[in-house]
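A quick note: this is a predicted structure, and the numbers were derived from the prediction, not measured. A note on names: the letters A, B, ... follow the listed sequences, proteins ahead of strands, and every chain is numbered from 1.
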2 protein chains.
Amino acid sequence: MKYIDKLRNSGLRPTKQRLQICEVLFNTEKTFHFTINELEQKIKDKIDNKISLATVYNTVHAFEKKGYLKQIPINSNQTYFDTNVTDHHHFYDLKNEKLIDLENSDVGPINIKRKINGKKIKSVEVLIKLED
Amino acid sequence: MKYIDKLRNSGLRPTKQRLQICEVLFNTEKTFHFTINELEQKIKDKIDNKISLATVYNTVHAFEKKGYLKQIPINSNQTYFDTNVTDHHHFYDLKNEKLIDLENSDVGPINIKRKINGKKIKSVEVLIKLED
DNA sequence: CACTTGTTTAGAATCATTATAAACAAGACT
DNA sequence: AGTCTTGTTTATAATGATTCTAAACAAGTG
């Protein structure tokens with residue numbers, strides 16, 4: 001099926017646990033943000049067997065490495081991930097501590113004029129803080 | 001003197017520890033980034049008495065609240081702070097886990113096209129991740 | 001000096017994350 | 001099928017940054 005190939009194509013064995021986590025993460029219309037703990041809760045709600053916390057961490061990191069997830073650079077005590085791996089930006093509502101996705105078209109092109117020797121730009125992300 | 005007033009004006013008692021931390025943080029020409037552990041090391045190098053780690057945490061958080069420091073939103077196991085509290089952008093070298101300040105002129109104007117009802121933009125900051 | 005309140009301190013507690021190492025499962029091969 | 005190798009899962013322990021605690025201490029006020 002779709003996730004089996006996805007995993008195999010990136011050198012990850014399609015185990016039962018990984019496929020179930022794929023269902024939770026990717027079998028939705030909308031992308032979303034989550035912490036590991038939120039994901040664990042979602043998994044518990046959706047499936048009846050248990051997936052060890054270590055496996056959730058392993059899988060999320062494996063998926064991040066393969067580009068199926070990405071970390072959101074926010075200062076929080078927990079790490080935030082995003083199932084939207086396209087280049088996109090965020091509003092961060094300081095009052096509610098909530099992240100809001102921006103469409104790429106919501107921000108004009110960003111022109112980086114400075115270069116660092118021997119380094120390539122991997123990503124450009126804008127964080128727009130909002131107040132009342 | 002200068003720091004005594006600064007502290008008093010924001011409702012913080014000018015204690016010996018806070019004044020010493022002020023010296024380390026603000027008595028320099030250039031602004032800089034640091035983690036709590038790096039700051040602790042710097043304090044150890046500069047002064048002979050010991051400042052408890054808890055005090056360093058307390059002070060940094062108090063200063064952040066008062067706007068003398070700000071947190072830099074990057075994902076790292078340690079929290080990064082910046083003595084440059086003006087709006088500005090960063091390179092983040094993923095390999096060395098080092099932050100590099102950008103001048104405002106290094107990044108072209110950023111056009112935010114979307115609005116959120118009842119919210120104002122407080123800051124717009126770009127994080128550019130670098131790889132080899 | 002006495003009093004109040006804010007601050008410092010060492011150490012303990014917390015909590016997210018990572019490491020360990022044994023049990024287990026997938027894929028390949030015969 | 002069975003065997004082998006390698007990758008994965010798991011519970012648990014370890015790590016490490018940060019926060020909490022509560023007692024000692026210092027600043028400011030009168």
Side-chain angles (χ1 to χ4, degrees), chain A residues 1 3-24 33-44 47-66 68-81 97, chain B residues 1 3-25 33-44 47-66 68-69 71-81 97:
Chain A
M1 327 237 240
Y3 298 127
I4 291 180
D5 291 339
K6 178 174 182 157
L7 292 175
R8 230 182 236 122
N9 287 341
S10 44
L12 297 172
R13 286 188 185 167
T15 63
K16 190 178 88 179
Q17 291 87 343
R18 283 176 178 162
L19 290 170
Q20 288 178 327
I21 293 175
C22 276
E23 287 293 330
V24 175
H33 311 129
F34 64 91
T35 63
I36 296 286
N37 285 333
E38 289 166 357
L39 177 58
E40 221 207 347
Q41 196 50 57
K42 238 176 182 159
I43 290 168
K44 265 187 203 142
I47 67 180
D48 28 303
N49 57 308
K50 186 180 182 291
I51 295 181
S52 143
L53 180 59
T55 299
V56 178
Y57 272 98
N58 288 341
T59 302
V60 165
H61 287 141
F63 286 2
E64 194 209 353
K65 209 169 205 166
K66 297 301 179 183
Y68 302 148
L69 291 173
K70 69 174 184 182
Q71 264 188 265
I72 305 173
I74 274 286
N75 284 117
S76 162
N77 54 330
Q78 288 180 78
T79 305
Y80 271 82
F81 292 91
E97 295 189 342
Chain B
M1 304 285 136
Y3 298 127
I4 290 180
D5 292 338
K6 178 175 183 158
L7 292 174
R8 230 183 236 123
N9 286 339
S10 43
L12 298 172
R13 287 190 185 167
T15 63
K16 188 179 90 179
Q17 291 87 342
R18 282 175 178 163
L19 290 171
Q20 289 178 326
I21 293 174
C22 276
E23 286 293 329
V24 174
L25 289 177
H33 312 127
F34 63 92
T35 62
I36 297 285
N37 285 332
E38 288 166 356
L39 177 58
E40 221 208 346
Q41 195 52 57
K42 235 175 185 161
I43 291 167
K44 265 186 203 145
I47 67 180
D48 29 301
N49 56 310
K50 187 179 182 290
I51 295 181
S52 143
L53 181 57
T55 299
V56 178
Y57 272 98
N58 287 342
T59 303
V60 165
H61 288 142
F63 286 2
E64 194 209 352
K65 208 169 207 167
K66 297 301 179 183
Y68 302 148
L69 291 173
Q71 261 188 271
I72 304 172
I74 51 163
N75 286 117
S76 163
N77 56 330
Q78 290 180 76
T79 304
Y80 273 82
F81 293 90
E97 296 189 341

Can you tell me the distance, in whole Å, between the [atom1] atom of [X] and the [atom2] atom of [N]?
X     : N      : atom1 : atom2 : answer
B:Q78 : C:dT18 : CD    : P     : 13 Å
A:L39 : C:dT17 : CG    : C1'   : 15 Å
A:F34 : C:dA16 : CZ    : P     : 16 Å
A:R8  : C:dA25 : CZ    : C1'   : 13 Å
A:L53 : C:dA16 : CG    : C1'   : 9 Å
A:E40 : C:dT17 : CD    : P     : 11 Å
B:K66 : C:dG6  : NZ    : P     : 12 Å
B:N77 : D:dA14 : CG    : C1'   : 15 Å

[N] phosphate, OP1 or OP2, under 4.0 Å from [X] side-chain N/O:
X     : N      : value
B:S52 : C:dT8  : no
A:H61 : C:dT18 : yes
B:K50 : C:dA10 : yes

So which atom in [X] and which in [Y] form the shortest heavy-atom distance, rounded to 0.1 Å?
X     : Y     : value
B:H33 : B:E38 : O-OE1, 4.0 Å
B:L39 : B:V24 : CD1-CG1, 3.9 Å
A:F63 : A:R18 : CZ-O, 4.2 Å
B:N75 : A:T79 : ND2-CG2, 4.2 Å

Could you please name the option among [options] that lies closest to any side-chain atom of [X]?
X     : options                : value
B:L12 : D:dT10, C:dT7, D:dT9   : C:dT7
A:I51 : C:dT18, D:dT10, C:dT17 : D:dT10
A:A54 : D:dT10, C:dT9, C:dT18  : D:dT10
A:Y57 : D:dA17, C:dT17, C:dA10 : C:dT17
A:N37 : C:dT8, D:dT18, C:dA16  : C:dA16

Quiz item: Do A:I47 and A:E23 touch side chain to side chain, with heavy atoms closer than 4.5 Å?
Solution: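 Side-chain contact under 4.5 Å: no.
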Name every donor-acceptor pair, under 3.5 Å, that has one atom in a side chain of residues 6-13 of chain A and the other anywhere in the protein, sequence neighbours excluded.
unit_1 : atom_1 : unit_2 : atom_2 : d
A:N9   : ND2    : A:D5   : O      : 3.1
A:S10  : OG     : A:K6   : O      : 3.1
A:S10  : OG     : A:L7   : O      : 3.1
A:S10  : OG     : A:Y68  : OH     : 2.9

Quiz item: For B:T79, which contact category applies under a 4.0 Å heavy-atom criterion: base, sugar-phosphate, or nothing?
Solution: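 Touches sugar-phosphate only.
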Practice problem: In sequence, state the C-alpha distance, the side-chain angles, and the governing distance for B:N37 and B:E40, and then conclude on side chain to side chain contact (heavy atoms under 4.5 Å, CB included). | Solution: CA-CA 5 Å; B:N37 285 332; B:E40 221 208 346; 4.2 Å; yes
Quiz item: For DNA chain D, what residues of residues 13-22 of chain B have any heavy atom nearer than 4.0 Å?
Solution: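 B:R13, B:P14 - these, ordered by number, are the residues of the stretch whose heavy atoms sit under 4.0 Å from the strand.
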